[in-house]
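Below is one structure; the comments refer to it alone.
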Amino acid sequence: MASVAVYPGSFDPVTNGHVDIIERSSKVFNKVIVAVLHNRNKEPLFTVDERVQMLKESIEYIPNIEIDSFNGLLVDYVRHKQAKTIVRGLRAVTDFEYEMQAASINRKLDPELETFFMMTNNQYSYLSSSIVKEVAKYEADVGDLVPPPVPKYLYKKYGSSPSDR
Ligand code: ADP
């Protein structure tokens, strides 16, 4: 049976840390669906369409990946996609508490689903979408933090770029 996993997240925007998890999980599962969350309590910088577009441009070289977006409960979406596994990345202990809670509630909602955690690559342990936005806002270079298609989206949003400094 083909193994299908869903990697959900805000991806606001996608970073090299996300790409690392996507590349690695694509070697574990037959197919990985990268799913952009329509929203929660966070106020995103990018629209869902922009986040999907950045992902498409960034990871189109990986063959067994699908990029999608969803609304509502994650477990319903995962079932709808006929997947059995949720992929999440862990950076530090600070991620652990939230992720444990989320995995526990998802198991309660659907005991058939498993959450699969991947430890961050050490070089990306400090990296988050929030840090990237902070750096871009002050016109500093984000070239090492995000995939090549992403900086232009960030600088356009903030109306500036490192060359303006
Ligand atoms: P969310 O709002 O769902 O946390 P994010 O886009 O911030 O969405 O993160 C999506 C997933 O990617 C989460 O499981 C998060 O822990 C993981 N992740 C984010 N940055 C990194 C990184 N640098 N290394 C490994 N995993 C990461």
Side-chain angles (χ1 to χ4, degrees), residues 4-29 31-59 62 64-78 80-81 83-107 109-110 113-137 140-151 153-154 157:
V4 182
V6 171
Y7 178 35
S10 308
F11 305 106
D12 186 41
V14 56
T15 70
N16 288 341
H18 294 129
V19 172
D20 181 63
I21 298 286
I22 295 167
E23 281 180 354
R24 286 158 58 204
S25 58
S26 75
K27 292 177 189 151
V28 176
F29 300 98
K31 180 173 163 187
V32 177
I33 302 166
V34 183
V36 176
L37 220 61
H38 254 270
N39 211 7
R40 288 192 257 176
N41 309 326
K42 294 183 188 173
E43 182 64 39
L45 175 65
F46 293 101
T47 64
V48 169
D49 286 349
E50 287 169 329
R51 286 181 267 158
V52 164
Q53 185 58 30
M54 284 185 279
L55 275 162
K56 282 192 174 152
E57 290 178 28
S58 301
I59 56 174
I62 311 174
N64 55 334
I65 293 288
E66 177 184 322
I67 298 160
D68 193 17
S69 61
F70 73 102
N71 251 321
L73 262 189
L74 175 62
V75 291
D76 291 339
Y77 174 76
V78 174
H80 167 71
K81 297 302 274 187
K84 289 258 178 266
T85 313
I86 298 164
V87 172
R88 295 287 288 174
L90 283 178
R91 278 160 297 192
V93 282
T94 42
D95 281 339
F96 182 81
E97 201 170 327
Y98 172 80
E99 294 294 344
M100 194 172 84
Q101 239 177 13
S104 306
I105 191 72
N106 286 336
R107 182 173 308 115
L109 292 171
D110 188 340
L113 299 184
E114 275 303 335
T115 305
F116 183 95
F117 291 105
M118 280 191 147
M119 290 303 294
T120 184
N121 206 321
N122 277 349
Q123 68 188 114
Y124 303 128
S125 58
Y126 64 91
L127 191 50
S128 66
S129 299
S130 322
I131 291 286
V132 165
K133 284 180 274 192
E134 200 63 17
V135 171
K137 192 155 111 187
D141 188 9
V142 292
D144 287 345
L145 311 178
V146 293
V150 175
Y153 285 89
L154 279 160
K157 235 356 138 183

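All values derive from a computational prediction rather than experimental measurement. Computation of the quantities below employed the complete heavy-atom set of this structure, encompassing side-chain atoms and omitting hydrogens, waters and symmetry-equivalent molecules. All ligand and atom numbering here is 1-based and tracks the order in the structure.
- Where the criterion is an N or O separation shorter than 3.5 Å, residue side chain and backbone included, F11 meets it with respect to ligand 1.
- More than 12 heavy atoms of other residues, nucleotides or ligands lie within 6.0 Å of CZ in R24, so this atom counts as buried by the packing criterion.
- Among all heavy-atom pairs drawn from A83 and V4, the shortest one is CB-O, 3.3 Å.
- Comment: D95 does not engage R88 in a salt bridge, judged by the lack of any side-chain N to carboxylate O separation of less than 4.0 angstrom.
- Residue-ligand proximity, G17 to ligand 1, at heavy-atom distances under 4.0 Å covers atoms 22 (C), 23 (N).
- Contacts with ligand 1 closer than 4.0 Å are made by no heavy atom of D20, backbone or side chain.
- Inclusion of S129 in the set of residues having an N or O under 3.5 Å from an N or O of ligand 1 is not warranted.
- Within the model, atoms OG1 of T15 and CD1 of I131 stand 11.0 Å from one another, a figure rounded to the nearest 0.5 Å.
- In summary, the atoms of ligand 1 found under 4.0 Å from a heavy atom of R88, numbered by their order in the structure, are 1 (P), 3 (O), 4 (O), 10 (C), 11 (C), 13 (C), 14 (O).
- The N/O atoms of S125, backbone and side chain alike, include none that comes under 3.5 Å of an N/O atom in ligand 1.
- Contact between Y77 and S69 at its shortest, heavy atoms only, is CE1-O, 4.2 Å.
- To the nearest 0.5 angstrom, I65 atom CD1 is 5.0 Å from I59 atom CD1.
- Looking at M118 against ligand 1, nothing comes within 4.0 Å, counting heavy atoms.
- The residue from L37, V52, V36 that alone fulfils the side-chain contact (heavy atoms from CB on, under 4.5 Å) condition with F11 is V36.
- Interatomic distance, E66 CD to K56 NZ, rounded to the nearest 0.5 Å: 9.5 Å.
- Closest non-hydrogen pair, H38 versus N71, comes out as CB-OD1, 3.0 Å.
- Heavy-atom proximity to Y124, at under 4.0 Å, picks out these atoms of ligand 1: 22 (C), 23 (N).
- Annotation: G9 places no N or O atom under 3.5 Å from an N or O atom of ligand 1; distance criterion only.
- On a distance-only criterion, T15 and ligand 1 share no N/O pair closer than 3.5 Å.
- The shortest N or O to N or O distance between L90 and ligand 1 is not below 3.5 Å.
- At a heavy-atom cutoff of 4.0 Å, ligand 1 is contacted by the side chain of Y7 but not by its backbone.
- Proximity to T120 (heavy-atom distance under 4.0 Å) selects the following atoms of ligand 1: 22 (C), 24 (N), 25 (C).
- Backbone and side-chain nitrogen or oxygen atoms of S128 are examined, and none is located within less than 3.5 angstrom of a nitrogen or oxygen of ligand 1.
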Run the side chain to side chain contact (heavy atoms under 4.5 Å, CB included) check on N106 and L113 step by step: do they pass?
CA-CA 8 Å; N106 286 336; L113 299 184; 5.8 Å; no
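- When Q123, E99, R91 are ranked by how near their heavy atoms come to atom 27 (C) of ligand 1, first place goes to R91.
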